[in-house]
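No hydrogens, no waters, no symmetry mates; every other heavy atom, side chains included, goes into these values. A note on names: the letters A, B, ... follow the listed sequences, proteins ahead of strands, and every chain is numbered from 1. A quick note: this is a predicted structure, and the numbers were derived from the prediction, not measured.
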There are 2 protein chains.
Amino acid sequence: MASRKPAADGVPAATVRPRLTVMRDVAKLAGVSHQTVSRVLNNHPNVRAETRERVLDAMRSLNYRRNLAARTLVTRQSDTLGIIGFETTLFGPASMLYGIESAARDAGYMVSIASVRDLDRRQVLEAVDRLTQHSVDGVIAIAPKQSVTHALAQAPPSLQCVAVGGSGESDAAPTVSIDNAAGARLATQHLLDLGHATVHHAAGPADWPESAERIEGWRRTLYAAGAVVPRVEHGWWDAESGYAQGRAMADDPNVTAIFCSNDRIALGVLRALHEAGKRVPQDVSVVGFDDMPDSGFFVPPLTTVHQDFGELGRRSLALLLEHMTTAPATDPPPPHRVLLTPELVIRTSSGPR
Amino acid sequence: MASRKPAADGVPAATVRPRLTVMRDVAKLAGVSHQTVSRVLNNHPNVRAETRERVLDAMRSLNYRRNLAARTLVTRQSDTLGIIGFETTLFGPASMLYGIESAARDAGYMVSIASVRDLDRRQVLEAVDRLTQHSVDGVIAIAPKQSVTHALAQAPPSLQCVAVGGSGESDAAPTVSIDNAAGARLATQHLLDLGHATVHHAAGPADWPESAERIEGWRRTLYAAGAVVPRVEHGWWDAESGYAQGRAMADDPNVTAIFCSNDRIALGVLRALHEAGKRVPQDVSVVGFDDMPDSGFFVPPLTTVHQDFGELGRRSLALLLEHMTTAPATDPPPPHRVLLTPELVIRTSSGPR
DNA sequence: GGCGCGCCTGTTAACGTTCACAGAGCAAAG
DNA sequence: CTTTGCTCTGTGAACGTTAACAGGCGCGCC
């Protein structure tokens, strides 16, 4: 797909522009100056009540809509926020996106989205650039990798950026995320408490901080309990990967408990166990992560770590807004990092050894 | 480098906006007029190659970014498309969204999103209004209900709108969707061909055209085969609803085949059957709809009707662009309705009676 | 040589809004 | 009565870009 304009060579001229009503029209009808109309629109206090009414009437009767492009041109702010999205077809990112958008609307902002296929520096900067050209007032990056926050640090300093999801480790940009290590600890400890000698782990992709932090939390918990730490295979976030990892584990008689890095992986593990003739939870216990809407309807219903993606989105928006409205010198700086705590939801896929 | 602003002593330095480089700066450095810079930017042919190079160099060395707000103000087009989203946390809508966005980027467009919580006329019109104020060049509505296309018809006539998903029945706006009835026929016929006397149906919500069309396709197929048409319960699109419907069916010995309106419903049905001690597919066959990424890892792997949500998104964007660039009088009108054909994916949840 | 006709470039005027300032009217204070 | 100050309103000038037009230059043609 190429350029949509047929080269400005000849004049298109086919498009006749219908003149929309502008402030001047409203002003004329109301018998005031355009500036007074502007004042009414922006809720400026110094307008006589009677005048304001007259202007509002005129706006209504002309069905006036203000031209935000003109406003943006002079005020340099667009009431639009940019989102850098990655893998937004996954449930988590999609939910965050929705959380951000609906909170943004309540705050009077529009949301523009720039997806990237890979999270390398070049693509992220390119996305920032596109958003900048459209003069967004701030950026939220759904950013599960370190490279993103680093790239974000290279954005023009006047542009406020916040990262959501992934790791909270980076200093490069304010970050909102859940405490993945704590979630992993919850899951692992739960299984240990049920009497399992150790807990195996079906991990997500190696280069996602979510995955790394969950491994770390799992490993620390085992270590603290003096349990053996089994080795880990990496995969993608889907059931296929869980199935592959699960098949390997199903044949190992030492495996009695498996903590999965997300619910989809758990789904694959459940199927692998089922095929191998292992009963869950009698023979092997399984715990997931995310608590996706349908996880309670797996066979058997999945014990998992619940996280609220929508809340993650809303909080990241709130943080961005704080950073945008805070004057650097005067106010105390808003928090640099927000960490949400996940909860364990116990269903029937986990049981005593 | 004195700033142009007087900067009276009382003015807090915090409010001073850093002057960005504009066309005039580039022009000065390149030794040309700002208009020539504009011409270079817009690929106007009548610029000497040497001059163009000089301008491009100047742009690079000043790190110039054009101000799209100013451009939008004068050209009345923003290179931005609006999306009206509904339930975008669901896999289908999220995938369409992604498909639209990535196709839009390739076509040089930015994408703004306006979600609605409910699909009533007021909220949809409000969303259109917000998008209009931000001067989007066109709108795609992820619109699974009739009310949306009707509301769309009330949008300003200068604004091109396209609906994607849902029913293709409406005349109100150009529509891209899949052939739900054909998909349902595929699934139902497959089960009949396996020797089942009839096929039961676990339906989605009553007021979604997707659901209604699938019911219709299923019903017609049964009718054509002279099979009994069982009655239908409605639910939501999730596993919980499938579980509820599945429990009722599990106790009925006449039920040997179930066609589910989507894969999540099928997941719930599978669990209900499992709990009731029914084996799939030996006792009961189950077929889903959507072919979500993990459906091949259900227990057992799900036979389902595959639809390509990303393609749906891309096609809707293509259709919108066609409608936007077509001059009403001269060119032949682009298609009003695009219907994509789904495919049956046979796995192991369906078997002979 | 004059003329017309392409190329290439510059000058000026929009686009629709907000900002900065000025000024009219009126009330309270000196 | 003047002065001061506050409320309300209007005038002009930005903001940064593209559109419209004008003009200089070189070239080919008569």
Side-chain angles (χ1 to χ4, degrees), chain A residues 5 7-13 15-28 30-55 59 62 64-79 132-135, chain B residues 3-8 10-11 15-28 30-55 59 62 64-79 132-135:
Chain A
K5 249 190 179 173
D9 179 3
V11 187
T15 47
V16 176
R17 298 208 183 96
R19 259 249 305 133
L20 294 174
T21 63
V22 299
M23 271 194 183
R24 198 194 321 283
D25 305 322
V26 176
K28 193 179 295 177
V32 296
S33 75
H34 66 109
Q35 177 59 17
T36 298
V37 177
S38 171
R39 277 190 267 257
V40 170
L41 224 44
N42 295 316
N43 287 314
H44 196 286
N46 288 353
V47 178
R48 203 151 41 108
E50 192 260 346
T51 309
R52 162 172 285 121
E53 269 320 309
R54 210 147 26 98
V55 170
M59 293 199 320
L62 293 176
Y64 169 76
R65 300 280 113 113
R66 92 163 117 191
N67 183 323
L68 287 179
R71 179 183 210 259
T72 299
L73 178 58
V74 50
T75 62
R76 287 165 176 295
Q77 64 159 10
S78 59
D79 290 1
T132 308
Q133 288 206 29
H134 284 262
S135 55
Chain B
S3 90
R4 311 171 73 254
K5 277 211 174 144
V11 177
T15 57
V16 175
R17 299 221 177 80
R19 259 242 310 128
L20 294 175
T21 64
V22 299
M23 269 193 184
R24 200 196 323 282
D25 305 322
V26 176
K28 194 180 295 177
V32 296
S33 75
H34 66 108
Q35 177 60 14
T36 297
V37 177
S38 171
R39 277 191 267 257
V40 170
L41 225 42
N42 295 316
N43 288 314
H44 197 287
N46 289 352
V47 178
R48 201 152 41 109
E50 193 261 344
T51 309
R52 161 171 286 122
E53 270 320 309
R54 212 150 21 103
V55 170
M59 295 200 316
L62 293 177
Y64 168 75
R65 301 281 112 114
R66 90 164 119 192
N67 183 322
L68 286 179
R71 178 183 211 260
T72 299
L73 177 58
V74 50
T75 61
R76 286 162 178 296
Q77 65 159 10
S78 60
D79 290 2
T132 308
Q133 288 208 27
H134 284 263
S135 54

Is there a side-chain contact between [X] and [Y] in this structure, where contact means two heavy atoms from C-beta onward sitting under 4.5 Å apart?
X	Y	answer
B/Met23	B/Val26	no
A/Asn67	A/Val22	no
B/Arg54	B/Thr51	yes

N or O in side chain of [X] less than 4.0 angstrom from [N] OP1/OP2:
X	N	value
A/Ser33	D/dT9	no
A/Tyr64	C/dT17	yes
A/Arg48	D/dC8	no
B/Asn46	C/dT9	no

Identified side-chain contact (heavy atoms from CB on, under 4.5 Å) counterpart of A/Ser38 within the set A/Asn42, A/Thr36, A/Leu41:
A/Asn42
So which nucleotide from [options] ends up closest to the side chain of [X]?
X	options	value
B/Val47	C/dT18, C/dT9, D/dT9	C/dT9
B/Thr75	C/dG10, D/dT18, D/dT9	D/dT18
B/Thr36	C/dG10, C/dT18, D/dT9	C/dG10
B/Gln35	D/dT9, D/dA19, C/dT18	D/dA19
A/Val22	C/dG16, C/dC8, D/dG16	C/dG16
B/Leu73	C/dT18, C/dC15, C/dT11	C/dC15

Output the rounded distance in Å from [atom1] ([X]) to [atom2] ([N]).
X	N	atom1	atom2	value
B/Leu68	C/dG16	CG	P	18 Å
B/Arg71	C/dC15	CZ	C1'	14 Å
B/Met23	D/dA14	CE	P	20 Å
A/Lys28	C/dG16	NZ	P	13 Å
A/Asp25	C/dT17	CG	C1'	13 Å
B/Arg24	D/dA14	CZ	C1'	10 Å
A/Gln77	C/dT17	CD	C1'	13 Å
B/Arg52	C/dC7	CZ	P	14 Å

Nearest-nucleotide 5' precedence on DNA chain D, A/His34 against A/His44
A/His44
Is the base of D/dG16 touched by the side chain of A/Arg76 through a donor-acceptor pair closer than 3.5 angstrom?
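Counting by modelled atom types and ignoring angles, no donor-acceptor contact under 3.5 Å is found here.
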Mind checking if [X] touches a base, just sugar-phosphate, or nothing, with heavy atoms under 4.0 Å?
X	value
B/Thr51	sugar-phosphate
A/Arg39	base
B/Asn67	sugar-phosphate

Check the pair B/His34, B/Lys28 against side chain to side chain contact (heavy atoms under 4.5 Å, CB included), reporting the backbone distance first and the verdict last.
CA-CA 8 Å; B/His34 66 108; B/Lys28 194 180 295 177; over 6 Å; no
Indicate yes or no for a side-chain donor-acceptor contact from A/Ser78 to the backbone of A/Ser135 under 3.5 Å, with no hydrogens or angles considered.
yes
Taking for each residue the nucleotide of DNA chain C with the nearest heavy atom, is it B/Glu50 or A/Arg65 whose nucleotide lies nearer the 5' end?
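Per heavy-atom nearest nucleotide, the more 5' residue is B/Glu50.
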